[in-house]
Amino acid sequence: MNESPELPNWVKYPLDGSSIVDSVDDFVLPTTSNYVSNEEVQDCKISTPSKKTDNDVEEISTILKSRYTSPEEVVKALDHCHVVVSESMVEKVLKRFSNDWIPAFGFFRWYQMQSTYKPSANLYDSVVDILGKTKMFDIMWELVVEMVRLGGLISLTTMSKIMRRLARGGKYFDAIVAFREMKRFGLSKDILAMNVLLDSLCKERGVEYALDAFLEFKNEMPPNSHTFNVLIHGCCKARQLNKAQWALEEMERYGIHPCVISYTSMIEAYCREKDFRKVDAILDEMQSKGCPPNVVTYTIVMHSLGKAKETYEAMGIYERMKRNGCVPDTSFYNSLIYILSKAGRIKDANNIYEEMSKNGCTPDVTTYNTMISVACDHSQVENALKLLQEMEERPCKPDLKTYAPLLKMCCQKKWMRILFFLLDDMFKKGISIEIGTYSLLVNGLCKSGNLGQACLFFEEMVLKGLLPWSNTYTRLVKELERKDMETEKEKIRQLMEQAKNGEQTC
DNA sequence: TGAAGTTTAA
């Protein structure tokens with residue numbers, strides 16, 4: 001039997017563990033109805049009936065939720081739909097299906113056919129991004145060609161999305177080609193675009209490609225401080241300290257002084273090596289060169305010390321920062337709350353949470369995510385839900401990471417109704433579920449023995465075109481084997497095959 | 001998301 005959580009009175013559902021599973025019809029989280037996003041507030045100002053838009057979004061979503069095998073099928077399914085389409089409504093629908101290219105793209109095609117509405121450049125960019133994110137690069141390019149043909153739609157924003165998504169998909173060379181060919185899209189190849197390219201390559205583990213691209217283009221476009229900081233940071237993240245050093249020297253050869261960002265990247269690298277002696281040396285060097293560390297630098301050092309279980313030294317950095325007249329910000333507090341929580345100092349973490357507001361630092365989504373995660377770790381359900389409510393009242397938009405620990409907890413405790421309530425709540429807020437979330441659900445349900453539901457999520461993930469992680473698959477199969485669920489096991493095996501084949505054709 | 005920091009995990 002699961003422990004009965006003590007929930008605040010606004011969460012109304014039977015507190016008896018067993019009945020939670022099958023009768024929580026009156027379970028109400030007062031979060032969905034009173035939640036108003038910033039855009040909606042704006043919608044109201046220009047007196048758009050946002051209730052109507054919401055209903056239309058729901059209607060379209062219901063149609064799009066069925067599984068279709070192609071965008072054309074989606075267009076057909078929407079054929080008899082008579083909702084009034086508007087730009088903001090299309091944006092909302094696209095956001096909801098941003099990890100599901102078939103409904104998203106099909107819906108966009110249908111929207112184009114509603115002849116009075118011409119999609120804006122922004123909407124085109126969103127669709128390009130969705131296609132890139134779901135690795136449908138061929139279709140993405142077709143759409144880009146269409147944008148060029150129609151004229152006036154392609155911008156640096158579009159190119160940035162293309163380069164970032166290609167890099168993320170491991171297609172470094174294609175990302176470089178996209179940049180090289182920018183003129184063909186009617187755009188100028190400038191340092192801004194080059195910095196985006198280098199940054200995309202660096203951030204997606206393609207530092208080598210970034211360095212090559214830098215050498216290829218540096219004479220065509222004179223690099224600026226951003227360029228070097230991107231490279232230094234990229235090399236540091238890739239643990240290529242000698243190359244980072246080279247970039248730092250190259251920067252100086254161009255007559256650009258390394259700044260607090262350059263030094264902070266180096267510090268972060270040494271923090272990762274746990275070489276705190278070297279970190280201290282750089283901190284001193286920064287002071288002496290008249291380029292003192294800032295709140296970001298201190299956050300990194302404090303956080304690393306905290307993670308290395310050197311809580312005492314981490315607090316020392318906090319003192320040192322205050323002594324040097326550097327003011328903590330929200331991110332700094334977030335880090336402090338995190339390391340204190342991990343060190344088991346929950347009370348201190350809570351005090352910091354109270355203190356930050358008094359010091360003029362508003363808690364943000366990370367603050368809440370951290371606090372909620374800590375509450376879930378300690379099975380403080382009521383506290384976690386209270387925080388969720390608090391963040392919506394602020395308002396502070398929850399995201400995937402807000403819900404992950406809550407979903408995990410629901411799986412563990414077998415609270416299926418609440419689990420589905422939360423999933424629905426996420427969908428309504430446009431928080432699109434991706435592979436990590438599915439893995440969490442499948443794993444959590446395996447652990448608590450709800451294999452039927454685990455299989456359903458596994459299936460849904462494959463039908464969305466996602467390739468399940470191999471350990472998620474193995475775990476599920478093992479559990480099914482253990483319970484002699486041969487039919488289900490075979491089904492899962494076939495789904496995995498299907499997912500693998502899908503991946504190859506992408 | 002996008003020149004540096006903070007949540008997070010199979």
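Naming convention: chains lettered A, B, ... in sequence-line order (proteins, then strands); numbering from 1 in each chain. The figures here come from the full heavy-atom set of this structure, side chains too, leaving out hydrogens, waters and symmetry mates.
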**Q** How are the rings of A:F332 and A:Y318 set to each other: parallel, tilted or perpendicular (split at 30° and 60°)?
**A**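 It falls in the tilted class, 30° to 60°.
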**Q** Rounding to the closest angstrom, what is the interatomic distance between B:dT6 and B:dT1 at atom C1'?
**A**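 Going atom to atom, C1' in each nucleotide, I get 14 Å.
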**Q** Send over the distance from A:R168 CZ to B:dG2 C1', rounded to a whole Å.
**A**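 That distance rounds to 10 Å.
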**Q** In plain terms, say whether A:D129 and A:R164 are close enough for a salt bridge, that is, a side-chain N and a carboxylate O under 4.0 Å apart.
**A**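 Salt bridge between A:D129 and A:R164, a charged N being under 4.0 Å from a carboxylate O: no.
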**Q** Once the angle between the rings of A:F105 and A:W101 is folded into 0 to 90°, is it parallel (under 30°), tilted (30 to 60°) or perpendicular (over 60°)?
**A**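 Geometry flag for A:W101 against A:F105: tilted rings.
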**Q** In terms of ring plane angle, is the pair A:F427 and A:F97 parallel, tilted or perpendicular, where the classes change at 30° and 60°?
**A**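 It falls in the perpendicular class, over 60°.
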**Q** Would you call the rings of A:Y124 and A:F108 parallel, tilted or perpendicular, taking 30° and 60° as the class edges?
**A**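 Aromatic pair A:Y124/A:F108 classed perpendicular.
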**Q** How does each nucleotide of nucleotides 4-10 of chain B score, in 5' to 3' order, for protein heavy atoms under 4.0 Å: base (B), sugar-phosphate only (S), or none (-)?
**A** BBBBB-B
